Novice: 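If you scroll down you'll find the structure; I have some questions about it.
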Amino acid sequence: MSSVRVRFAPSPTGGLHLGGVRTALYNYLFAKHHGGTFIVRVEDTDQTRFVEGAEQYIFDCLEWCGIEPDESPLHGGEHEPYRQSERKEQGIYLQYAEELVRKGQAYYAFDTPEELEQMRQDHKSAENPSPQYDRQVRLKMKNSLTLSPGEVTRLLQAGTRHVIRVKMPENEEISFHDMIRGEIRNESNLVDDKVLLKADGMPTYHLAVVVDDHLMKITHAFRGEEWLPSAPVHVWLWKHLFGLDKMPQWAHLPLILGPSGKLSKRDGAKYGFPVFAMNWTDPRTQELTEGFKEKGFLPEAFINLLALLGWNAGTEQELFTKTELAEQFSIDRVHSGGAKFDYEKARWFNHEWIKRLDVENYRLKVREIFELNGIAVTDDAYFTKVLELVRERCTLLPDFFGQAGYFYSDPTGFDEASVLPKWDQAKRDYFTQLSQRFSALSSWDTAAIETVFKDLAQELNIKVGELQMIFRVMLVGAKTGPGVFVIAETIGMGKTLKRIANALAVFP
RNA sequence: GCCGCGUUGGUCAAGGGGUUAAGACGCCUCCCUUUCACGGAGGAAUCACGGGUUCGAAUCCCGUACGUGGUACCA
C-alpha cells in the first residue's frame with residue numbers, strides 16, 4: 001500500500017467537542033506514526049447548519065492542540081479544494097451519483113418533504129415507530145423506479161426538485177473489517193435507501209465521504225462509533241463506485257461519555273467542566289461554551305488526557321509528550337467500549353504537566369491571568385522565580401494567581417484563627433525584636449534570615465515551630481505556600497518588615 | 001419497536017483459559033513539613049447476570065439485562 005493518508009472531517013456547525021478533538025488527534029498520531037499525511041476536510045454540505053466562524057474556530061483549536069494538518073483548506077494540498085461545498089461546485093459528486101443511477105444502483109426520487117412525512121405517518125406503528133424509505137416502501141413512492149421513463153425524463157427536464165437515493169440490494173450481507181471491532185456484518189434488507197444527492201445538489205455525507213476518501217486517496221478512515229450503522233451504505237457505495245480493494249480500512253472510535261450518558265456540552269455547564277477545546281460563542285444565541293484552553297489547561301496535558309481516553313500503551317506510562325504518543329500510538333490498542341470522561345483525572349494530567357514543563361512554556365499565559373487580576377508583571381526574572389516556587393501547588397493555570405498573589409501584594413487579611421490561640425506578649429516582643437535584627441542584616445538571603453529567626457527564638461526560649469507558622473501568616477495571610485524563609489527572601493526585606501508591622505497592628 | 005456496538009473497582013484501565021486480577025485518578029490512614037502542595041508508606045475491587053464448553057473461565061460460546069448509537073434531503 002502506498003503511504004498512509006488519513007483525514008479528519010469536521011462539519012463547521014459549532015464548537016469542537018472533546019470527542020472531535022480526540023478523533024482528530026488519533027488521525028494525527030496514526031499519520032505521524034506511519035510517516036503519513038494528515039488531512040482536514042471540511043464537510044460543509046448542510047447549508048442550513050452553516051455557522052459563521054466555526055471553520056476558523058476548528059483550525060484554531062487544532063493549532064492550539066498542536067495537531068497541524070498537512071493538507072486542508074487553509075494549508076492547501078494536492079487534492080484541493082478541501083471544502084465539500086467547493087467540490088460540489090465542480091460537479092464532483094453529481095457525476096458519481098449519476099453513474100450509480102445509470103448502473104441501476106441509485107434512482108431519482110421526486111417525493112416532496114410533505115409526501116415523505118405522509119409516508120412516515122402511514123407506515124408508523126407501535127412495532128415500527130420510525131419507518132424508513134427502503135425496499136418495502138420505495139415502490140409506493142414517486143421515483144424513477146415507479147414512474148415511467150418518459151415521466152422521469154419529463155420531470156427532470158422540467159427541473160422538478162428531486163434527490164438521488166441509493167438502491168440498497170435485497171438479501172445481501174454487507175460486511176467489512178473494522179480495525180478496532182473486527183468483522184462487522186449487516187443485512188442489506190435492514191438498510192434504507194439513503195439520500196445521496198440532495199435537492200439542492202449537495203451530496204449527503206454518505207456520498208461525499210466515499211467520493212472524497214477515494215479522490216483524496218485516504219488509506220485509513222477513522223470516525224466516531226455513531227457512524228457504524230451507516231457503514232454498510234458506505235461499503236456498498238465503495239463496492240460499486242471504486243471497488244472494495246480500494247476502500248480504506250475503517251476504525252470506528254468509541255464514544256466519550258459524560259456523567260450520565262453521552263457527553264454533551266450541557267454536561268459541561270451542568271457539572272462545571274469544559275467540553276469544547278476552546279471557548280466558543282454561538283454567533284446566533286451569543287451563548288458561551290467554556291473551553292479547556294480558557295479554563296487553564298495546557299495543550300500538552302489536553303492531548304495527553306484525550307489520547308488516554310480510549311487508548312493506552314499497554315505499559316504503565318500515562319504521561320506522554322506528543323512525540324511519544326506518535327511513536328507509541330497504535331489503533332489496535334484503542335478500546336472498543338466507550339469511556340466516561342473524568343474531569344478529576346483530567347485535572348491531574350494538567351497538574352502533572354504544570355509540574356514537569358518548564359515555566360517558560362506557559363509563563364505568558366500566567367502573566368495574562370495576573371494582569372487580568374490587576375497585577376502588573378514588570379520583572380520577568382522575579383515572575384519566573386515566583387512561578388517556579390508555587391508550580392507544584394497549581395492544577396490549572398489560574399491557580400497561579402491565588403497561589404502567588406502574595407508575592408506581589410500585601411495580604412489583605414490574616415488567618416487569625418490560626419494565630420490567635422498561640423499569640424501572646426512574648427510573641428509580640430519576639431517579632432518586634434526580629435524586625436530590628438532583620439533590618440540590621442547585611443545580606444538578605446534565606447540562610448541568614450533563618451539563622452536570625454532561630455537564634456532569637458532560642459534566646460527568648462520560644463518554640464520555633466509556632467513562630468514560623470505565625471511568621472507565615474504575617475507574610476502570606478494564610479497557612480500556605482513554600483518555605484517561609486524563602487518567601488521572605490523573595491519578597492525582600494522591605495516588604496517583610498512592612499508585613500510584620502501590618503500584622504502587629506492587627507493582632508491584639 | 002428494529003438494527004448496530006459495547007459491558008474488569010466510583011472513574012480511566014492492564015490482563016485474551018491456570019495470576020495473590022497490574023497501574024493511575026479520586027477517597028481514607030500514616031510519614032515528611034508545626035503551613036499548603038510535592039514526595040513517601042499503607043487501606044478498600046473476583047471481572048453485569050444466567051447458562052454452557054473445559055480438569056480449570058474475567059478470559060471461549062449462547063442467552064438475558066443494562067448502557068450507548070442509528071433509524072433525517074444532519075454530520
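Because the structure is predicted, anything quoted here is derived from the model rather than measured.
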Novice: Just how far, in rounded Å, is P of B:A75 from CZ of A:F8?
Specialist: 15 Å
Novice: Could you tell me if A:H234 and A:R223 have a donor-acceptor pair between their side chains, going purely by distance under 3.5 Å?
Specialist: yes
Novice: Taking side-chain contact (heavy atoms from CB on, under 4.5 Å) as the test, write out the residues that go with A:D122, two or more places apart.
Specialist: A:Q118
Novice: Just the dot-bracket of RNA chain B, please: which string comes out with Watson-Crick or G-U pairs under 3.5 Å, [ ] for crossing, | for another strand?
Specialist: ((((((((.[[[..)..(....]]].(((((.......)))))....[[[[[..)....]]]]])))))))....
Novice: By the 4.0 Å heavy-atom rule, please label A:R356 as base, sugar-phosphate, or nothing.
Specialist: nothing
Novice: Say we look at B:A57 and B:G17: how far apart would their P atoms be, to the nearest angstrom?
Specialist: 14 Å
Novice: For A:E300, which residues count as a salt bridge (charged side-chain N to carboxylate O under 4.0 Å, His left out) partner, sequence neighbours excluded?
Specialist: none
Novice: For the residue pair A:N186 and A:E173, confirm or rule out a side-chain donor-acceptor distance under 3.5 Å.
Specialist: no
Novice: At under 4.0 Å between heavy atoms, how does the protein contact nucleotides 26-43 of chain B? Give one character per nucleotide, 5' to 3', with B, S or -.
Specialist: --------BBBBSS----
Novice: Around atom NZ of A:K355, are there more than 12 heavy atoms from other residues, nucleotides or ligands closer than 6.0 Å?
Specialist: yes
Novice: B:U19 and B:C61: how far apart are their C1' atoms, nearest whole angstrom?
Specialist: 24 Å
Novice: Where the side chain of A:R41 meets the backbone of A:S72, is there a donor-acceptor pair that is under 3.5 Å apart?
Specialist: no
Novice: Is it true that a side-chain atom of A:N304 and a backbone atom of A:T321 form a donor plus acceptor pair closer than 3.5 Å?
Specialist: no
Novice: So, OP1 or OP2 of B:A14: does either fall under 4.0 Å of a side-chain N or O from A:N312?
Specialist: yes
Novice: Select base, sugar-phosphate, or nothing to describe what A:R181 touches, counting heavy atoms under 4.0 Å on all strands.
Specialist: sugar-phosphate
Novice: Can you tell me how far C1' of B:C25 sits from CZ of A:R347, to the nearest Å?
Specialist: 12 Å
Novice: May I ask you to say what A:T45 touches in the nucleic acid, namely base, sugar-phosphate or nothing, with a heavy-atom cut-off under 4.0 Å?
Specialist: sugar-phosphate
Novice: Quick one: A:D46 CG to B:C74 C1', roughly how many Å, whole number?
Specialist: 5 Å
Novice: Quick one: on RNA chain B, does A:E127 or A:G337 contact a more 5' nucleotide (nearest heavy atom)?
Specialist: A:E127
Novice: Can a side-chain donor-acceptor contact be found between A:E344 and A:W348 if the only test is distance below 3.5 angstrom?
Specialist: no
Novice: What distance, rounded to whole Å, do you find between the two C1' atoms, one in B:G6 and one in B:A48?
Specialist: 12 Å
Novice: Determine the Euclidean distance between corresponding P atoms of B:G42 and B:A22; express it in Å to zero decimal places.
Specialist: 14 Å
Novice: Could you tell me how far B:G43 sits from B:C49 if I compare only their P atoms? Round to whole Å.
Specialist: 26 Å
Novice: Please output the side-chain donor-acceptor pairs of residues 472-483 of chain A that fall under 3.5 Å, not counting sequence neighbours, one pair per line with the distance.
Specialist:
| residue | atom | partner | partner atom | Å |
| --- | --- | --- | --- | --- |
| A:R472 | NH1 | A:T480 | O | 2.6 |
| A:R472 | NH1 | A:G481 | O | 3.3 |
| A:R472 | NH1 | A:P482 | O | 3.1 |
| A:R472 | NH2 | A:P482 | O | 2.9 |

Novice: Is there a donor-acceptor contact under 3.5 Å from the side chain of A:K198 to the main chain of A:T45?
Specialist: yes
Novice: Which nucleotide in the set B:A75, B:C12, B:C3 lies at the smallest distance from any side-chain heavy atom of A:N186?
Specialist: B:C3
Novice: Ring centres under 6.0 Å, that's the criterion: do A:F485 and A:F453 meet it?
Specialist: yes
Novice: Rounded to the Å, how far apart are A:N128 CG and B:C2 C1'?
Specialist: 7 Å
Novice: May I ask you to say what A:G224 touches in the nucleic acid, namely base, sugar-phosphate or nothing, with a heavy-atom cut-off under 4.0 Å?
Specialist: nothing
Novice: Given the C1' atoms of B:C55 and B:G67, what is the spacing between them in whole Å?
Specialist: 36 Å
Novice: May I have the distance from A:H335 (atom NE2) to B:C5 (atom P), rounded to whole angstrom?
Specialist: 18 Å
Novice: Measure the distance from CG on A:N350 to C1' on B:C25 and round it to the nearest whole Å.
Specialist: 14 Å
Novice: Atom CD of A:E187 and atom C1' of B:C3: how far apart are they, to the nearest Å?
Specialist: 10 Å
Novice: Could you tell me whether A:R266 and A:E287 have a side-chain N and a carboxylate O separated by less than 4.0 Å?
Specialist: yes
Novice: Mark up nucleotides 68-73 of chain B, 5' to 3', with B wherever a protein heavy atom is under 4.0 angstrom from a base atom, S wherever such an atom reaches only the sugar-phosphate, and - elsewhere.
Specialist: SBSBSB
Novice: Scan A:D192, A:N143, A:D193 and name whichever one has a side-chain hydrogen bond (donor to acceptor under 3.5 Å, both in side chains) with A:Y133.
Specialist: A:N143
Novice: For B:A44 and B:G39, measure between their C1' atoms and round to the nearest Å.
Specialist: 23 Å
